[in-house]
Amino acid sequence: MLDIQQLRKDLAGVVAGLGRRGVAFEEATFRALEDERKVLQTRTEELQAKRNSLSKQIGIMKGKGEDTAGVMAEVGSLGDELKSNEVALGELQTKLNAFLRGIPNLPRSEVPSGKSADENVEVRRRGQPRQFEFAPRDHVDLGEALGGLDFETASKLSGARFSVLRGQLARLHRAIAQFMLDTHTTQHGYTEVYVPYMVSGESADGVSSLSKFKEDLFKIDGRDLYLIPTAEYPVTNFVRDAILKNEELPLKFACHSPCFRSEAGSYGKDTRGMIRQHQFDKVEIVQIVHPEKSAEAHEELTAHAEAILKALELPYRTMLLCTGDMGFSSAKTYDLEVWLPAQNTYREISSCSNFEAFQARRMMARFKNAAGKTELVHTLNGSGLAVGRTLVAILENYQQADGSIAIPTALQSYMGGLKSLTA
RNA sequence: GGAGAGGUGGCAGAGUGGUCGAAUGCACCGGACUCGAAAUCCGGCAUACCGGUCUCCGGUAUCGUGGGUUCGAAUCCCACCCUCUCCGCCA
């Protein structure tokens, strides 16, 4: 949620910022709501103040045993107008609030303008895509040949966009998650957390706009609970309605969880394999920081995600997303894209975002600054990394001519010393 | 699932219709005393929103949430949510 003060003070700036995202700010709607709000709120509070002082007076008079009929008649005459003003103000504030919560975050100035992923900017590239002396196979072929990847059974159980892993491949999947979690907790200073995989609508609306993105989530029938599309949902909400102490910041959490996404609107995209599933595992890293530190923390957090790709010796590139490709709540996002030889391209494996105060304002996450004033925190998160896609990347990048898969050195200890996967 | 108890400020805990945003204690922040510290004493200490002559002043709202009664609700009524205890069930 944007700061309503900023909308009042610098509407032109907000309109320009949103314009860069391709969002047309409804200026007339906002002005109309604000004007009406001002009139209603002033009048309502004026009437309330009058009622309060008269009622207080009645109390005092009754204490003295005086006759209160006159004052009671006076305060009674306020009744209808007060009531209707209160109701109207309540309705208006609900409307204004919904309007504000539906506006996406403003991009930081260094975020390039653009309409789609085509206009994202590559900021760095690490690792060399391997030269194959044979035609590289994709992860589906490789996994099925190993007997470890079974989409047929998955579809029997649950339909499309699910997978079943078996044997060494299932173990490798687990090893990847363990390795990531261990790296972040022991090397990067994150605290491991285990969280609910379902959250309330209020929690969902704290990190993004529930009303706008409801269709992307799986909802529990008849209950105000949603399966989490990322651990960001529960973890960032740790600080909802909290006022933290200055010295508690930064908070850094790492969380391994399954993620559930309906993938509505992605029909026909990535239908083959494990790239786009209704359920996948991810290790998420989250930081809650002092507002002055978020830009720095964003670079650091992105580096933490990159460290996993480096340790696994997977070639990748870091993309600065343009305004048109950024998520609703983000002020700036880096995507990490891993090289997939079978697709002969880089594919997203992590997304690291700085939300600045946008989420904090939605969920009232604050801290007491050095001067003792309450101030909104800044929130950040990133995938560190998507486990399923990492498995795909390992299968494809580490495949051998005979169909076996070399196991990255960093993961061998998690595989009981195993150096390769074979059928 | 059944029975009961309860939700008040950072925490503990008073308050059962009227100058109550709320006693008191602890914690915390100033200041005095001290070479320094402890102890003691003095003062301060919720959040959000609105308005203004905008490091301050005034107003409004907030005692789990939402409704209701009343001139007036932390206090009374209704619904819901959550927590705890006991019983049952259960990984």
Side-chain angles (χ1 to χ4, degrees), chain A residues 1-10 30-101 194-206 210 220 222-226 234 237-249 251 258 288 357-377:
Chain A
M1 185 159 61
L2 299 181
D3 183 3
I4 192 162
Q5 305 295 351
Q6 193 185 353
L7 282 159
R8 289 178 189 141
K9 272 187 289 195
D10 179 27
F30 175 68
R31 281 188 203 278
L33 287 170
E34 260 294 275
D35 289 348
E36 200 184 341
R37 188 227 93 225
K38 198 161 178 170
V39 172
L40 272 175
Q41 183 163 352
T42 310
R43 182 64 184 149
T44 305
E45 293 188 354
E46 193 181 301
L47 289 167
Q48 286 172 327
K50 201 162 177 187
R51 179 204 56 202
N52 289 347
S53 76
L54 289 175
S55 291
K56 195 168 265 185
Q57 204 181 321
I58 291 171
I60 295 166
M61 291 171 78
K62 284 210 167 171
K64 293 182 186 160
E66 295 172 18
D67 176 40
T68 58
V71 192
M72 286 189 41
E74 198 185 335
V75 72
S77 72
L78 303 174
D80 287 348
E81 193 192 350
L82 179 56
K83 191 97 195 166
S84 66
N85 269 281
E86 280 177 341
V87 170
L89 180 62
E91 285 169 358
L92 195 82
Q93 276 171 336
T94 305
K95 254 193 247 173
L96 191 56
N97 200 35
F99 177 82
L100 285 173
R101 292 184 87 89
Y194 169 81
V195 298
Y197 299 152
M198 299 173 215
V199 296
S200 66
E202 191 185 357
S203 291
D205 202 60
L210 181 59
I220 304 301
R223 305 216 33 187
D224 179 35
L225 283 174
Y226 298 82
N237 272 284
F238 279 16
V239 294
R240 193 179 74 219
D241 293 322
I243 301 179
L244 303 163
K245 295 191 181 113
N246 196 22
E247 56 274 20
E248 285 180 85
L249 301 176
L251 290 172
I288 313 291
F358 189 84
Q359 294 180 327
R361 192 172 293 110
R362 295 174 90 80
M363 55 188 180
M364 294 293 275
R366 296 150 297 171
F367 76 107
K368 282 248 193 258
N369 66 22
K373 293 264 184 210
T374 41
E375 207 182 327
L376 294 165
V377 296

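Atom set for the values below is all heavy atoms of this structure, side chains included, hydrogens, waters and symmetry mates excluded.
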Name the atoms and distances for all side-chain donor-acceptor pairs under 3.5 Å in residues 82-89 of chain A, with sequence neighbours left out.
unit_1	atom_1	unit_2	atom_2	d
A:Ser84	OG	A:Asp80	O	3.4
A:Ser84	OG	A:Glu81	O	3.1
A:Asn85	ND2	A:Glu81	O	2.8
A:Glu86	OE2	A:Gln48	NE2	2.9

Determine all donor-acceptor pairs shorter than 3.5 Å in which one atom belongs to a side chain in residues 53-60 of chain A; sequence neighbours excluded.
unit_1	atom_1	unit_2	atom_2	d
A:Ser53	OG	A:Lys50	O	3.2
A:Ser55	OG	A:Arg51	O	3.0

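A search for side-chain hydrogen bond (donor to acceptor under 3.5 Å, both in side chains) contacts involving A:Arg240 returns A:Ser203, A:Asn237, not counting sequence neighbours. Remark: A:Arg8 engages A:Ile4, A:Gln5, A:Glu34, A:Arg37 in a side chain to side chain contact (heavy atoms under 4.5 Å, CB included) (not counting sequence neighbours). The side chain to side chain contact (heavy atoms under 4.5 Å, CB included) search around A:Pro258 returns A:Tyr197, A:Phe260, A:Asp281, not counting sequence neighbours. Qualifying side-chain hydrogen bond (donor to acceptor under 3.5 Å, both in side chains) partners for A:Asn369, counting only residues two or more places apart in sequence or in other chains: A:Glu375. Residues forming a salt bridge (charged side-chain N to carboxylate O under 4.0 Å, His left out) with A:Glu36 (at least two apart in sequence, or on another chain): none.
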Pairing annotation in dot-bracket form, given for RNA chain B with Watson-Crick or G-U pairs under 3.5 Å and | for cross-strand partners: ((((((((.[[[..)..(.....]]].(((((.......))))).(((((((...))))))).[[[[[..)....]]]]])))))))....

message: Using a 4.0 Å heavy-atom cut-off to protein, can you give one letter per nucleotide of nucleotides 46-52 of chain B, 5' to 3': B if the base is in contact, S if only the sugar-phosphate is, - if neither?
response: SSSSSS-

- prompt: Using a cut-off of 4.0 Å between protein heavy atoms and nucleotide atoms, how would you tag nucleotides 65-78 of chain B 5' to 3' with B, S and -?
  reply: ------BS------

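On the P atoms, B:G18 is 41 Å away from B:G31, given to the nearest whole Å. Between the P atoms of B:U8 and B:G66, the separation comes to 16 Å (whole Å). Remark: the separation of the P atoms in B:G21 and B:A73 is 10 Å, to the nearest Å. With both ends at atom C1', the span from B:G25 to B:U75 equals 23 Å, rounded to whole Å. Rounded to a whole angstrom, the distance from the P atom of B:G4 to that of B:C78 is 15 Å. Using atom P as the reference point in both B:A32 and B:A38, the two lie 14 Å apart (nearest Å).
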Table of protein N/O atoms under 3.5 Å from nucleotides 11-17 of chain B N/O atoms:
none

Distances under 3.5 Å between nitrogen or oxygen atoms of protein and nucleotides 29-31 of chain B:
none

